[in-house]
Amino acid sequence: MDYLEAEAIDIIREAALNAIKPVMLYSIGKDSTVMLHLAKKAFHPAPLPFSLLHVDTTWKFRDMYAYRSRIAETYGVELLVHTNEEGRKANINPFDYGSSYYIDVMKTQALRQALDQHGFDVIFGGARRDEERSRAKERIFSFRSHGHRWDPKSQRPEIWALYNTRIRQGETIRVFPLSNWTELDIWRYIHRENIPIVPLYFAEERPVVRRGDTWIMVDDGRFRFEPGEKPQRKKIRFRTLGCYPLTGAVESSASTLAEIVHETFQASSSEREGRLIDTDQPSSMEKKKVEGYF
Amino acid sequence: MAAELFTNSKPGLLDAELTQTLRFCTCGSVDDGKSTLIGRLLHESKNIFDDQWRALEIDSRRFGTQGDRIDYALLVDGLQAEREQGITIDVAYRFFSTAKRRFIVADTPGHEQYTRNMATGASTADLAIVLVDARKGILTQTRRHSRIVSMMGVRDVVVAVNKMDLIGYSEKVFREIEQDYRHFATSLNLPRITLIPLSALEGDNVVEAGLHMSWYKGKTLLDHLESVDVGDPDAEERPFCMPVQWVNRPNQDFRGVAGGIAGGVARVGDSVRILPSRIQTSVRQIISGLSYTADARTGDSVTLVLGDEVDASRGNVIVDLQHSAQVADQFEAQVLWMSPHPLVPGRSYLIKHHRKETTGTVTSIRWRTDVNDGARLAAKDLKLNEMGVVNIATAEPLVFLPYTEDRTLGGFIFIDRLNCETLGAGMIDFALRRASNLHPQVLDIDKSLRARLLGQRPRCIWLTGLSGSGKSTIANALEKSLHQRGVATYVLDGDNVRGGLNRDLGFTEADRVENIRRVSEVARLMVDAGLVVIVSLISPYTAERRMARDLFVEGEFIEVFVDAPLEVCEQRDLKGLYAKARAGNLVNFTGIDSPYEIPGSPDIHLRTTELDIPGCVNLILLALYR
């Protein structure tokens with residue numbers, strides 16, 4: 001744990017110090033909150049030398065928006081929010097459009113817009129290598145050509161902890177300080193450091209409907225029921241948070257951090273099972289990443 | 001996950017500090033079954049989730065190479081191209097844990113063309129698993145991988161003799177392989193070697209011993225991974241050492257130096273030294289995370305507040321007074337080259353060595369090491385995936401220890417100055433004595449005094465362009481014009497210099513780089529003497545033109561691109577060289593079979609098809625007297 005913490009702090013400093021305009025992507029989830037906590041430690045007592053950026057699809061859970069409104073103050077940091085306005089005007093939503101198209105417009109394109117608009121050169125992300133197999137192949141300092149494309153076949157060798165932070169004009173770097181963390185490490189760290197997180201991670205009775213193998217929460221009035229579908233109350237929690245219509249919950253009674261650590265330990269499925277977007281096409285994460293998704 | 005292995009007690013689950021991390025890499029030949037072994041290890045230690053298992057079943061049917069059985073390799077081969085071709089291209093990182101340890105696995109590719117990825121995986125590993133196919137025994141690949149593992153300083157090696165099921169679990173075969181390997185390994189620096197017979201496919205000796213090899217009394221692979229020493233057990237006994245990553249100065253009241261502790265322990269009140277300045281000071285405060293602490297140890301990333309208002313900056317190293325770190329600017333080092341563009345002596349590269357970035361030049365390649373048998377071979381350059389021993393000189397001194405003593409202070413990388421790619425990895429052996437015995441003489445008469453005597457501003461006018469573009473003609477006319485104005489000049493012409501000073505050089509890339517290096521050094525001496533020097537040299541590479549420019553102060557160096565299209569130069573062909581090159585009688589000829597990199601932003605751009613010679617000279621004179 002100390003090893004992972006020191007490695008992440010080292011990476012965050014090294015990337016930020018060599019950047020012209022760095023930014024940290026902030027998704028409101030547990031991983032990016034851990035990353036923010038580590039960044040705070042990396043620069044203390046100096047303030048963070050970068051802003052946070054939240055790419056807002058407008059379909060996050062209400063609890064997440066409430067938590068987001070407090071983040072800037074809690075961490076003494078500027079929080080930028082970007083939404084793809086064209087997508088919003090065209091009412092691109094996860095119900096009427098396939099998840100693949102919706103994610104492309106509201107997340108991938110929105111992210112590219114925000115990065116281009118501000119001219120960020122170094123972008124921190126909270127992705128971990130244990131999440132998905134194409135991530136397992138990605139470097140900690142991951143280079144993007146013009147247009148934010150990822151070429152998995154021409155990655156720079158990353159030898160020792162000697163990160164090459166140099167880039168050519170027009171290139172950007174995505175930096176993943178949590179590359180070597182697992183879901184369990186994240187929970188143990190949140191427990192050890194007592195980091196505040198969105199309440200949706202803790203089990204509670206919530207209104208849900210059954211969709212396939214998972215529970216989808218009815219979070220606001222925009223939810224579209226299928227014919228004959230009715231919300232039921234179940235004690236559930238989320239292992240991962242995203243857009244509420246695309247994020248599945250698990251039945252659970254874990255309502256404290258210690259209980260979550262134990263539950264994670266014994267889980268028989270991976271946290272990304274709750275993410276419907278990873279499996280919508282074969283090799284789908286690798287394809288999304290090549291297009292510029294985080 | 002891993003529930004069964006933890007029984008009921010779950011040691012250290014919330015007490016995170018109790019769990020150690022072992023980083024290991026796996027290597028071996030293409031079909032030795034590396035990915036299968038990792039898949040098996042993950043599966044049997046209950047580290048595969050149900051949904052991942054279901055995806056694996058689907059993929060096995062679609063891409064699998066094991067008939068109706070589960071193809072474990074598909075768990076780790078993450079890229080689509082890898083699954084389709086059934087091979088591993090890039091390093092994949094995997095994570096699993098048991099009751100005793102957390103593991104980070106770098107699964108590295110076996111193909112020869114991916115040697116650099118293997119070295120990358122080994123660079124951060126505590127232990128390496130080298131797979132051997134029991135039917136084939138020790139192969140060239142086994143030797144190469146073991147050599148890389150040894151060079152990268154991995155202390156523990158496990159030779160996993162796999163596919164024992166295919167040789168009837170024969171002890172005799174295993175013992176022969178063991179003998180062969182131990183004999184071979186005497187030529188390497190591998191302090192601890194363990195051999196384990198196993199079957200990744202059937203599972204024997206991976207997690208459980210199995211029934212087939214009762215003659216084997218040693219540990220299973222997982223038992224071994226769980227019990228081997230992690231990292232450097234003596235790290236805290238060593239003297240304190242911390243390379244400075246960043247100076248934290250949020251306001252006038254606080255100044256700290258931040259970095260990761262590479263060895264030893266720091267305590268408040270300790271006396272320390274800053275290298276290379278050798279200034280002595282003390283540790284006044286230590287900040288770890290958000291709070292102050294009394295001590296910090298190896299691996300921690302901290303901020304130190306030092307006793308006095310001493311100057312310490314990024315790339316300096318804070319050490320205990322007893323620390324043996326040295327300071328030098330010339331070294332012998334081992335190099336593994338990772339770029340398709342070869343390493344050539346004389347070319348200037350960016351060097352990143354812990355937190356220090358500077359430039360450096362390989363002054364000579366002592367030998368290339370045959371990766372397979374360790375033989376020392378003569379070499380003029382180092383190509384992709386080649387290893388060798390070189391002498392290197394850096395622009396600024398480095399604070400270092402030999403790589404075999406300290407990975408952090410001994411390892412460095414080469415970075416291309418233009419396209420920013422990582423080109424190679426270097427491991428310092430020792431400092432070269434000659435560096436410390438050179439003491440530049442300070443002379444009373446300097447460049448400005450010499451220039452004043454001559455009544456002129458010294459310059460270097462660097463004409464670059466294809467053969468036949470008009471460089472020599474322009475140089476000649478320009479010198480005549482300056483001479484008439486009473487300016488003291490000299491022309492360094494490529495062909496003329498090659499007749500004398502550079503008589504020993506040919507036209508390979510390495511020789512061209514050296515040619516340009518020597519000419520630019522001579523030009524610098526002449527400018528130092530107060531002259532206006534006109535260099536007329538094809539100088540085809542951007543890197544060397546930039547290196548030449550770096551020798552001069554701002555405004556002293558004027559790059560002139562003498563631009564004529566290849567067809568025009570070929571038509572002119574005053575020396576008849578293009579005809580020879582086209583006929584195949586002249587190799588490495590710029591523009592024909594050797595590249596010319598067009599200057600991106602020359603100070604003067606002369607298009608000799610549009611402008612006559614007096615016009616070209618006038619443009620240069622205008623720039624000189626502007």
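Chain A is the first sequence line, chain B the second, and so forth, proteins listed ahead of strands; every chain is numbered from 1.
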Item checked: Atom group of Leu350(B) that falls short of 4.5 Å from chain A, counting heavy atoms -> side chain
Checklist line | Residues forming a ring-ring contact (aromatic ring centres under 6.0 Å, His included) with Tyr93(B), sequence neighbours excluded | finding: none
Item checked: Polar contact flag, side-chain donor to acceptor under 3.5 angstrom, Arg23(B)-Tyr3(A) -> yes
Next item on the list: Verify whether one side chain among Ser301(B) and Arg13(A) offers a donor that lies under 3.5 Å from an acceptor in the other.
Entry: yes
Next item on the list: Taking the side chain as every heavy atom from C-beta outward, state whether Met427(B) and Trp160(A) have any pair of such atoms under 4.5 Å apart.
Entry: yes
Next item on the list: Name the region of Glu7(A), side chain, backbone, both or neither, that has any atom closer than 4.5 Å to a heavy atom of chain B.
Entry: side chain
Check: Would you call Lys137(A)-Asp107(B) a salt bridge at under 4.0 Å N-O?
Finding: no
Checklist line | Largest heavy-atom contact set with chain B, pairs under 4.5 Å, which of Ala161(A), Pro49(A), Ala46(A) | finding: Ala46(A)
Check: Is it the backbone or the side chain of Trp181(A) that comes under 4.5 Å from a heavy atom of chain B, or both, or neither?
Finding: backbone
Margin query: Could you walk me through whether Leu184(A) and Arg102(B) satisfy the side chain to side chain contact (heavy atoms under 4.5 Å, CB included) test, starting with their C-alpha distance in whole Å, then the side-chain angles of each, then the deciding distance to 0.1 Å, before giving a yes or no?
Written below: CA-CA 11 Å; Leu184(A) 185 60; Arg102(B) 220 182 145 269; over 6 Å; no
Next item on the list: Against chain A, label Asn248(B) side chain, backbone, both or neither, depending on which of its atoms sit under 4.5 Å from a heavy atom there.
Entry: side chain
Note to self: Restricting to side chain to side chain contact (heavy atoms under 4.5 Å, CB included), what partner residues turn up for Asn251(B), sequence neighbours left out?
What the structure shows: Asp253(B), Phe254(B)
